[in-house]
2 protein chains.
Amino acid sequence: MHFSKTSEYAIRVLSYLHRHPTQPYSVAFLHEELNLPYKYLTKLMTQLHKKGLLNSIRGRDGGFTLALDADKIFLCDILEAIGEALESNRCILGFEKCDSSNPCALHNQWLKPKALLEDMLKNTSLASLHSTESIKF
Amino acid sequence: MHFSKTSEYAIRVLSYLHRHPTQPYSVAFLHEELNLPYKYLTKLMTQLHKKGLLNSIRGRDGGFTLALDADKIFLCDILEAIGEALESNRCILGFEKCDSSNPCALHNQWLKPKALLEDMLKNTSLASLHSTESIKF
DNA sequence: ATTTAATACTACCTTATGGTAGTATTAAAT
DNA sequence: ATTTAATACTACCATAAGGTAGTATTAAAT
């Protein structure tokens, strides 16, 4: 029960771009600043650009900037962009058909935690993230 | 953000054993009954036995039974037995040090969903699981 | 004693995720 | 025009999770 590395990286880097909106940042810089693996981050940024979350500027002095206002990018959008879309209806025990009329053994216990998780992912925007930068590594 | 297949399997099979406490069940039978991969289930059952959740009866007419009362086996115990112990303090963005005095960007938003998840895992026993068996496959 | 049906063990295969290497392409600066 | 520094692309490598195959061991039934 955890987030993938890729989603950790995506949230961290998008959050950084929001808090430092002045100019495009290169992957090399973000790699140094956020201590994320360089080549992997390159692929991730390209993907986020293809999905419309980032502007990409190629060539010398290029880099990436946010393509949308930070209050319009929600955590669920980020997860969707990296192919980990929230599957609200997926049964926690893996059953194809599982709902209130035909529930799995864990269905009822899972309802509340799931609702709060969904709420967090759907209603937390980049703009509403905590903004200290004291944490490194 | 999901449970592993292994944990799905473990919860399903332990739940089944609780609801059918009469006799030891062989892996071959449970494989048929729950539609879980036979060899993989064998490994899982052996592991659950080693971790003390199951009694194992070897030889002909052998099989597995619950080693503890169903109201003393909690979801977190099952996850721990399969090496996926709940890491309450793990930062959701992957930072080594992350707490209220030095929070990551998602720290506060994560508090409530995490608390409910933990509550579910720590306080849901096999005995308190929903007991219909209408779901198959 | 032999057969049979079960767990236990060892080794391997498959797939997805995370990560690396090298090169092509782009565009500013000189 | 050439150099430089950036993104984009393609291919590969490493690790872990999920899954399979074959065999050894155990113990009841005959």
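Everything quoted here is computed from the prediction, not taken from an experiment. Naming: A, B, ... by sequence-line order, numbering from 1 per chain. Side chains are part of it too, since the values below use all heavy atoms of this structure and drop only hydrogens, waters and symmetry mates.
Side-chain atoms of B:Arg58 come within donor-acceptor range of the base of C:dT7, with a qualifying N/O pair under 3.5 Å.
Using a 4.0 Å heavy-atom cutoff across all strands shown, B:Tyr9 reaches sugar-phosphate atoms only and no base atom. Note on B:Lys39: a base of the nucleic acid sits closer than 4.0 angstrom, heavy atoms only.
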Given side-chain contact (heavy atoms from CB on, under 4.5 Å), test B:Asn55 with B:His49 step by step and report yes or no. CA-CA 6 Å; B:Asn55 296 124; B:His49 166 237; 5.7 Å; no
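The CD atom of A:Glu33 sits 10.5 Å away from atom OG of A:Ser26, with the distance rounded to the nearest 0.5 Å. Separating the CG atom in B:Leu66 from the CZ atom in B:Arg19 is a distance of 11.5 Å, to the nearest 0.5 Å.
In this structure, A:Lys50 places its NZ atom 8 Å from P of D:dA8, rounding to the nearest Å. Atom CZ of B:Phe3 is separated from atom P of D:dA17 by 16 Å (rounded to the nearest Å). Whole-Å rounding puts the B:Ile82 CD1 to D:dG18 C1' distance at 12 Å. Atom P of nucleotide C:dA6 and atom CG of B:Asn55 are separated by 18 Å, given to the nearest angstrom. Atoms CD (A:Gln47) and P (D:dT7) sit 16 Å apart, rounded to a whole Å. Here the C1' atom of nucleotide C:dA6 and the NE2 atom of B:His31 are 15 Å apart, to the nearest Å. Distance CG (A:Leu44) to C1' (C:dT20): 15 Å, rounded to an integer number of Å. Atom C1' of nucleotide D:dA14 and atom NZ of A:Lys5 are separated by 15 Å, given to the nearest angstrom.
Using a 4.0 Å cut-off between charged nitrogen and carboxylate oxygen, A:Arg90 and B:Glu8 count as a salt-bridge pair.
The backbone N or O of B:Cys98 sits nowhere less than 3.5 Å from a side-chain atom of B:Asn102 that would complete a donor-acceptor pair. Here the side chain of B:Ser7 pairs a donor or acceptor atom with the backbone of B:Ser4 at under 3.5 angstrom. With hydrogens and angles ignored, the 3.5 Å screen pairs no side-chain donor or acceptor of B:Asp69 with any backbone N or O of B:Asp71. With hydrogens and angles disregarded, no donor-acceptor distance shorter than 3.5 Å links the side chain of A:Lys122 to the backbone of A:Phe74. In terms of modelled atom types and a separation under 3.5 Å, the side chain of B:His31 and the main chain of B:Val27 share no donor-acceptor contact.
The phosphate of D:dA8 (OP1 or OP2) has a side-chain N or O of A:Thr46 nearer than 4.0 angstrom. Distances shorter than 4.0 Å separate none of the side-chain N or O atoms of A:Thr6 from OP1 or OP2 on C:dT17. Contact check, B:Ser26 against C:dT7: no side-chain N or O comes under 4.0 Å of OP1 or OP2.
Ranked by how close their nearest DNA chain D nucleotide is to the 5' end, A:Lys43 and A:Ile57 are led by A:Ile57. Positionally, the nearest nucleotide of DNA chain C for B:Val27 lies more toward the 5' end than for the other of A:Pro37 and B:Val27.
There is no side-chain donor-acceptor pair under 3.5 Å between A:Thr6 and A:Glu84.
Residues from residues 59-68 of chain B that place a heavy atom under 4.0 Å from any atom of DNA chain D, listed by number: B:Gly59, B:Arg60, B:Asp61.
Secondary-structure annotation of DNA chain D gives the stems C:1-30 with D:1-30, with a stem taken as at least 3 successive Watson-Crick or G-U pairs whose two distances both fall under 3.5 Å.
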